[in-house]
Engineer: 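The structure's right below; bear with me while I get my questions together.
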Amino acid sequence: MKRFLIKRDMEGVGGAPKNDLNNAGKKSEEVLEKMRADGKNIQQEQSYVLGNSIFCVYLADDSDLIREHSELSGTPVTEISEVNAVIKHNTSVVS
């Protein structure tokens with residue numbers, strides 16, 4: 001699977017109550033579970049809310065699966081970028 005970073009522009013999401021964000025996350029996961037039950041390789045690793053946008057990290061076979069998830073969950077994707085590399089940082093080691 002490949003790693004993707006996606007952006008969703010959603011007016012007012014930064015001020016949304018946590019309960020609303022939790023409900024949206026549950027709906028998203030329900031769609032992902034159905035897609036996986038259909039044999040599609042997709043999972044969401046993490047989401048970040050910044051201002052009027054949500055940024056999500058996905059693992060998927062291709063970006064078409066992310067577009068399908070977006071359509072089925074009713075959350076439009078503004079941008080999809082494939083991650084070329086991950087640089088891991090560890091600041092807890094004293095040198």
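Keep in mind it's a predicted model, so treat the numbers as computed, not measured.
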Engineer: Any sub-3.5 Å donor-acceptor pair from Arg8's side-chain atoms to Thr75's backbone N or O?
Structural biologist: yes

Engineer: For residues Asp64 and Arg67, determine if any side-chain heavy atom of one lies less than 4.5 Å from a side-chain heavy atom of the other.
Structural biologist: yes

Engineer: Verify the neighbour count for atom CD of Glu33: are there more than 12 heavy atoms of other residues, nucleotides or ligands below 6.0 Å?
Structural biologist: yes

Engineer: Would you call Glu29 and Arg36 a salt bridge, taking side-chain N to carboxylate O under 4.0 Å as the test?
Structural biologist: yes

Engineer: Please check: side-chain N/O of Asn23 versus main-chain N/O of Lys26, any donor-acceptor pairing under 3.5 Å?
Structural biologist: no

Engineer: Are Leu32 and Gln43 close enough that some pair of their side-chain heavy atoms sits under 4.5 Å apart?
Structural biologist: no

Engineer: State, to 0.1 Å, how close Arg3 and Val86 come at their nearest heavy-atom pair, and which atoms those are.
Structural biologist: NH1-CG2, 3.4 Å

Engineer: Distance alone, cut at 3.5 Å: any donor-acceptor contact between the side chains of Ser28 and Gln44?
Structural biologist: yes

Engineer: Please, which pairs that meet ring pair (Phe, Tyr, Trp, His ring centres under 6.0 Å) have at least one residue in residues 42-65, sequence neighbours excluded?
Structural biologist: Tyr58-His69

Engineer: List for me each residue that meets salt bridge (charged side-chain N to carboxylate O under 4.0 Å, His left out) alongside Lys27, sequence neighbours excluded, and say none if there are none.
Structural biologist: none

Engineer: Quick one: CD on Glu45 to CG on Leu59, what's the gap to the nearest 0.5 Å?
Structural biologist: 4.0 Å

Engineer: Side chain of Ser53, backbone of Asp9: donor and acceptor closer than 3.5 Å?
Structural biologist: no

Engineer: Where is the tightest heavy-atom contact between Ser47 and Cys56, given as atom of each residue plus distance?
Structural biologist: OG-SG, 3.1 Å

Engineer: Do Val49 and Val57 land in one hydrophobic cluster if side-chain heavy atoms of ILVMFWY residues count as linked below 4.5 Å?
Structural biologist: no

Engineer: Looking at side-chain heavy atoms only, is the closest gap between Glu79 and Ser81 below 4.5 Å?
Structural biologist: yes

Engineer: Roughly how far apart are Ser63 OG and Ile6 CD1, rounded to 0.5 Å?
Structural biologist: 11.5 Å

Engineer: Determine the minimum heavy-atom distance between Pro76 and Gly74, stating which atoms define it.
Structural biologist: CD-O, 3.6 Å

Engineer: Is Lys2 close to Asp61 at the side-chain level, that is, under 4.5 Å between some pair of heavy atoms?
Structural biologist: no

Engineer: Any heavy-atom pair between the side chains of Ile42 and Ile66 that's under 4.5 Å?
Structural biologist: yes

Engineer: Heavy-atom distance under 4.5 Å between the side chains of Met10 and Asn52, does that happen here?
Structural biologist: no

Engineer: Does any non-hydrogen side-chain atom of Ile54 lie less than 4.5 Å from one of Lys7?
Structural biologist: no

